[in-house]
Number of protein chains: 2
Amino acid sequence: KFYVIDGYAVAQKTGMGSRVNTIMQTCFFAISGVLPKDEAIERIKYSIKKTYGKKGDNIVQQNFKAVDQTLEHLFKVEVPACADSSLELPPVVSAKAPEFVQQVTAKMIAGKGDELPVSALPDDGTFPVGTAMWEKRNIALEIPVWDENLCIQCGKCALVCPHATIRIKVYDEANLAGAPETFKSTNYRGNEFKGQKYSIQVAPEDCTGCGICVEICPAKNKSEVRLKAINMAAQPPLRESERANWDFFLGIPQADRTKIAMETIKGSQFLEPLFEFSGACSGCGETPYVKLVSQLFGDRTLIANATGCSSIYGGNLPTTPWTKNADGRGPAWANSLFEDNAEFGLGFRLSVDKNTEFAQELLKKLAPTLGAELADAILKADQSTEEKIYAQRERVKILKEKLAGNTSTEAKHLLVVADYLVKKSVWIMGGDGWAYDIGYGGLDHVIASGKNVNILVLDTEVYSNTGGQMSKSSPRGAVAKFAAGGKGTAKKDLGLMAMTYGSVYVARIAMGASDLHTVKTILEAEAYDGPSLIIAYSHCIAHGINMTDGMNQQKLAVESGHWPLFRYNPALAHEGKNPFKLDSKLPKIKLEEYAYSEIRYKMLTKSNPAEAARLLELAQNDVNARWSYYEQLAAMKFEGDVKK
Amino acid sequence: KFYVIDGYAVAQKTGMGSRVNTIMQTCFFAISGVLPKDEAIERIKYSIKKTYGKKGDNIVQQNFKAVDQTLEHLFKVEVPACADSSLELPPVVSAKAPEFVQQVTAKMIAGKGDELPVSALPDDGTFPVGTAMWEKRNIALEIPVWDENLCIQCGKCALVCPHATIRIKVYDEANLAGAPETFKSTNYRGNEFKGQKYSIQVAPEDCTGCGICVEICPAKNKSEVRLKAINMAAQPPLRESERANWDFFLGIPQADRTKIAMETIKGSQFLEPLFEFSGACSGCGETPYVKLVSQLFGDRTLIANATGCSSIYGGNLPTTPWTKNADGRGPAWANSLFEDNAEFGLGFRLSVDKNTEFAQELLKKLAPTLGAELADAILKADQSTEEKIYAQRERVKILKEKLAGNTSTEAKHLLVVADYLVKKSVWIMGGDGWAYDIGYGGLDHVIASGKNVNILVLDTEVYSNTGGQMSKSSPRGAVAKFAAGGKGTAKKDLGLMAMTYGSVYVARIAMGASDLHTVKTILEAEAYDGPSLIIAYSHCIAHGINMTDGMNQQKLAVESGHWPLFRYNPALAHEGKNPFKLDSKLPKIKLEEYAYSEIRYKMLTKSNPAEAARLLELAQNDVNARWSYYEQLAAMKFEGDVKK
C-alpha cells in the first residue's frame, strides 16, 4: 500500500511552519491500524498536551489543528502490478564529480556504504575535502530570489547565510559572455572595483530555505512593502534555471584577495567561502562565523575542532563541507576529543612554529647558493596584511623553483618545509560545552601559554549536539536538560576570566547585533600575536525560536544587556591605555523582553510561574551587575609599562 | 669495614647548614676506592661547580670547604669478631600503641612490610588514623625550649609549627598534680580563662628542628638579645625529660571548644590539632594551614585531598598524621586522582546534603513519637557558631538515645543518618599543580555549582612533590623544571578568575605576612554558605630558601606586592557594598628585594643575567599592573540587588 501527503502544505496552513512530525505521526496511526482511529487521535492529542503543554497553549492548539487537517490531505496511490514508467532515477551525484565521489561518496549518499570494500577508504583517514558540493539535497521548499534593481549591494545576505548558498561576486563585464539567459547582473556601485559588474547568486539545490538572508535584507520595496531586495519563492520552478546560473556563477573568477577591503561586510563576502553546504540545521547560528573565518583567512587556515555540532557538520560522513579554492588549496581541519581540543590546536601551532624555524635555519644556510637577496627578503618579510602575505607566497614560489634543481640534502629538506615560511593562521573552534566545561581546563592552559592561536567559541549556551544539556554557559532561568526547573546559577563569564591573564585578546561578538563589529573583531583577534579568544553568540534550535529570526534574537540578547559586546586588546595596556572596550550601548530593553521571546526561558512561566519570576529577577540582577562592572572596567586607568 | 662521621658537625662548620649530601658523597669515594682519592675529589668538585654554579659562587665555595673538611672527620671503627654488647635495640613503637600499630604499622616502620600477610591489611582500604604519633623519628638535632617568664603568650609559635610539635594549653591548676619535675607552667594572662595556668610544650621526638617557631617568636630577651621566649637547644640531653613532659601535657584536658575565641591566634591554638607529625619537609609552608583547618573545624571536617605533597604527607604509609580527639572522633580524609579532586570533594558535599535531607525527612515523620519539641529544635537549629553546633550535637545525642529503643524501620534508618543533622565542613585541598593546572577544569566546575565547599590551595608556585616543575602558578622569571630559562609568562591569577562568578568567596592569604588575617579569613570562608576558595602562600624547599626563614619570605612576598592579600565576599555585593577588600598595604619594597632572596629567581642572574634582568622588569610591571588593577577593583561601586 502506498500513501502520499503534502505534509508541508498542512504544516504551513495550520501555523506549524515547517514542522511535520505531528502530521506524519497522525498518518502513521491512520494507516497502520495499530489502534482504532478515534482512540489513536485522542492519544496523539493527549501526548501533544503532555509534550508541548509547557511551551504554551498556542503551540498545543496548532498541533491539534494539524492533526485534524492531516487526514483530508492523505491520499492513497494505486501501485501498478509492474513498473511501466520510462523515467530513470537520476544519478546520485553529477557526472562531473571526481572519481572518489563517484565511487565512494555517492555509494554512502545512496545508503549503500556497507557495500564499499575497506580498500576503497583512505588508508590514512584523510578524507577528500569539498565533497558537500556534490550532495544536492534539494531540501528547501522556497529559495531566495534577488531583485537586482532594489539591491543596495551591502553583502549582508551572503554574510549571514549559514550554508554559503547565497554569494556575491564582483567581476569584469567580459565574464558575462555565455551567461544563461536568466543570470542576473548589475553595475557594481562601490569605488574599489569601479566599473565592474555585481551579482548575487543562490545555490538552489544546496539552500536549506531558512530565510535568514531575506530577514536581514535592509532594502525595502517602497511600492510593495512586503518585498525586499531578496524574497523567498518556490524552489521547484526555479531549480533548473538557477542550477545553470549557479554553475555559471562558479565559473566567474573570484576577485583578487589582495585588493579586497576585507574589514567591510561587502569586502568580506567577496572572499570565497571555503566552508559550504554543511549538514548544520537550517538557519544555524554557528556556521556563519565558521564560514566567515574560512573567507577571511582562506587557505592558510588550520582548524582544530572540538567535538560538538561543529565537528559533526564540519566533518561528518558522507560529505565534507570544508573545501579548497581554484588553486587546489584550502584549510586543514581535524577533530580531536571533546576534552583536549585546545591542546590539540596548540600542537598545530607548535609544529607550525617548529617547521618555520627549521625552514628559516635551512634558508640561512643555503642563502649563498639560492641568492642572499631572496633569502633575506623571505626571512625579514612583513606578513601583516593579505597583500604582504601574497608577496611572500610569490617569493616562496620562486624559492621552491630554485630548490627543485638542487640535490643537496638541505635543499631537499627545505623544499618540504618551504611553505611554512608563509604565515599560517591557527584556529581552535568549538561550542560552549567544550569551551566552558569539558575542554575548559585545556583552553585555560592554552591561553596561558602566550602562543599565537585563535579560539572561536560558538556559544549556543547549551550542549546543542547532544540534545540540549545545560552547560556553564547556560544563562540563569533558562530551561535545559539537567536544569528542567530553570538553571539556578548565573552564566559563567568566560571572557572576563580570560582577561585576567592580561595577555589574551578577548572579545564577545554577535553577528546579528553588529555584523561589522564581528568582522573587525575577528580580523583584530587574528592579527594579535598571542592567544585570542572570541566568544560568538550563536542562536540555536535548542533556544526554541523560529530560526528565521535567529539574527534578531542575537540583537535582542545584546540590547537587553545579556550579551554585551566588547573587545580586550592587551597591547593597549602596555601603552598605558585601557585594554577593555565596551562596544555595545546601555541596555535599552528589559531582559524579560529578550528572554521570553525564546521558549527555553518562556516554558518555565508555564510549568512553574513563581520560580520563573524569581529566576528572572535574579537574572535581571545579573545583567545589571555585569553591566555596571563592565562600565567600571572600561573606565579604569592603566599606567602602562615602566621601562628601566 | 665500618666508618663513622658526624656529618652535621661538618655541615654546620662549613656553612652548609644541615645539608650533608656533598659530605657523604666525599665519604663514599674516600672509602670505596672506585677512583684514586685525588682524582675523586677533583671530580666531585667539578660536579659541584656544574650542579651549583648557577646558584652562586658562595654555595660552590661552601661545598668545596665541606669536601675538604670531610676526611678529617671520618673515623674507622673496629668491629669486634662477635657482638658482646648487653644493649638491646628498643622496640620500634611504644608498648602503649594500639594493636594494629604494634602488629602492622611497626613492621612497616622497621622496613619489614614485605613480611606482612595480606590478611593483616584493612580489607576495605581504610587505614587507622592517628598513627604518626607512634613513629618517633628523633630527627631534630635541636629543639625549641620555652622560657615561660619571657613568653607573652601570643600563640604564634604553635600556629606556625609545620608538624604540630609545639603546642599550647590553658588549664585548671588542679591538672598540674603529678607533673614531672621539669614540666613548665605559668599563670595565664588572658581574660577569657582568668586564673588558669598556661603551658607551651614541645614533642621532642616528633619535632623536626626547623626553628620557625623561634624565628617567629616576638618576645625578645632584653638582657641577652640573641634569646627569645623560645630558643633552640640540643635535643639529646632533653629527650628523656621532655618525652615525659610531653606525655604529661597530652593528659591535660583540652579547653572547652565552645568557650574559645577561635578568631584570635592564641584562641586558634587552644584548639586541638587533628593533623600532627606528618612526613612533610622540615619547615614546610603548607602544613601550618592544614593543621589550622583541623583545629578550627575539628571532628566535623571532611577533606578531599588532591594528589601532591599534601596527599603524600597526609596519607602515606606507614603512618597517618590525621588523628582523632579524646572522644575518638576526627576528620574524614581521602585522596582521589590529581585531575578530579574538586569533583571528588563536591561528591562529599552532595552525599552529606542528601543524608541530611533524608535524616530531616525521617525526623519529621517520627516527630510525634520522638517528641515534637526535640524534633523541631533539631530541624530549626541555628548552627552558625561552635557553641550552637555543640548544642545541636547534644540534641542529636538525645535523639539517638531515644531512637535506640525504637524498632521501626524508619527509626533504624534515622539512627544511621542522625549524625548528618549536625553541620559538616567540607574541604577540598591541594597544591597549585592541582588547582591551577591539572585539576583546574574541575575546580572551576565545582565553584560554579554554588555548593557549600571550602577549597584550600596550598600554593608553592611549583609542582613541589614531583620535583619542582613549572605550573601556571609559577611567577614570571622564576626558574623551574620546564622553565629552565626562567618562566616567560606571568602567574595565573586564580583568585581573580574565581571572583568573576560573583558567587564564590575568594581570598588570598599568607600566614607569615598576617597570621590574624589568615585565621579570620579561613573562618569567614567556612562560614560563607557557598563555594569558598582560599589561596595560601606556602613557602617551599623548591624556592631555594633557608626554610627557617619561610615565614619571612611570605612577608616579603606580600610587602613586594607579589602576593597582595585580599578577601572577596559575594554577600556584600548583593547589599550594594564592594565585595572586594584589598587587605595588604601599598608595596613597600621592590620585587627584586623579595625575588632575589630566593634561589629560584636568583639563579637566573648567574646563568643568563640579561634574560634575568629582562624578566625581572616584566615581572615588576606585572606587580605594578596587578596592584593598580586591584586598587581600582576595591574602589568600584556596587548598586546591589534590585527587588521587584
Side-chain angles (χ1 to χ4, degrees), chain A residues 339 436-445 447-451 471-473 488-503 530-531 573-574 576 578-579 613-614 616-618 620-629 631-633 635-644, chain B residues 339 436-445 447-451 471-473 488-503 530-531 573-574 576 578-579 613-614 616-618 620-629 631-633 635-644:
Chain A
E339 64 272 27
Y436 286 70
D437 284 5
I438 297 177
Y440 173 62
L443 186 145
D444 174 67
H445 209 69
I447 61 174
S449 75
K451 298 292 177 189
S471 81
K472 288 204 284 297
S473 171
T489 52
K491 181 185 174 81
K492 166 172 168 174
D493 196 336
L494 180 63
L496 202 50
M497 294 172 88
M499 279 182 232
T500 63
Y501 281 102
S503 52
H574 296 287
N578 190 321
R614 190 185 75 86
L616 182 70
E617 188 181 319
L618 290 176
Q620 182 68 58
N621 279 328
D622 294 341
V623 166
N624 299 350
R626 184 172 50 238
W627 186 267
S628 161
Y629 195 81
E631 268 191 334
Q632 293 180 73
L633 276 187
M636 274 194 179
K637 286 192 173 60
F638 282 75
E639 288 165 26
D641 289 349
V642 180
K643 290 269 174 200
K644 261 191 192 164
Chain B
E339 65 272 27
Y436 286 70
D437 283 4
I438 297 176
Y440 173 62
L443 185 145
D444 174 67
H445 208 69
I447 61 174
S449 75
K451 299 291 177 191
S471 81
K472 288 204 284 298
S473 171
T489 53
K491 181 184 174 81
K492 167 172 167 173
D493 196 335
L494 180 63
L496 201 50
M497 293 172 90
M499 279 183 231
T500 63
Y501 280 103
S503 52
H574 296 288
N578 190 322
R614 189 185 75 86
L616 182 70
E617 187 181 319
L618 290 176
Q620 182 67 59
N621 279 329
D622 294 341
V623 166
N624 299 351
R626 185 173 49 237
W627 185 266
S628 161
Y629 195 81
E631 268 191 334
Q632 293 181 72
L633 276 188
M636 274 194 179
K637 286 193 173 58
F638 282 75
E639 287 166 28
D641 289 348
V642 180
K643 290 268 172 199
K644 261 192 194 162

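Chain letters run A, B, ... following the sequence lines, proteins first and then strands; every chain starts at 1.
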message: I need the A:His574 NE2 to B:Leu618 CG distance, nearest 0.5 Å.
response: 8.5 Å

- prompt: Rounded to the nearest 0.5 Å, how far apart are CG of B:Asp641 and CG of A:Asn624?
  reply: 9.0 Å

message: Are there over 12 heavy-atom neighbours, none belonging to B:Glu639, within less than 6.0 Å of that residue's CD?
response: no

message: So which atom in A:Met636 and which in B:Met636 form the shortest heavy-atom distance, rounded to 0.1 Å?
response: CE-CE, 3.9 Å

query: So what's closer than 4.5 Å to chain B heavy atoms on A:Ser628: side chain, backbone, both or neither?
result: side chain

Residue pair B:Lys492, A:Thr500: steps toward the side-chain contact (heavy atoms from CB on, under 4.5 Å) verdict: CA-CA 8 Å; B:Lys492 167 172 167 173; A:Thr500 63; over 6 Å; no

field: Contacting moiety of A:Lys491, where chain B heavy atoms sit under 4.5 Å
entry: neither

- request: Please determine, among B:Gly439, B:Gly450, B:Ala448, the option with the most heavy-atom pairs under 4.5 Å with chain A.
  value: B:Ala448

task: Tell me, out of A:Leu443, A:Asp444, A:Ile438, who's got the most heavy-atom pairs with chain B below 4.5 Å.
output: A:Asp444

message: Measuring only between side-chain heavy atoms, which start at C-beta, is B:Leu633 closer than 4.5 Å to A:Tyr629?
response: yes

query: Can you tell which of B:Tyr501, B:Phe638, B:Tyr436 has the highest number of heavy-atom pairs within less than 4.5 Å of chain A?
result: B:Tyr501

Between CD1 on residue A:Ile447 and NZ on residue B:Lys472, distance to nearest 0.5 Å: 9.0 Å

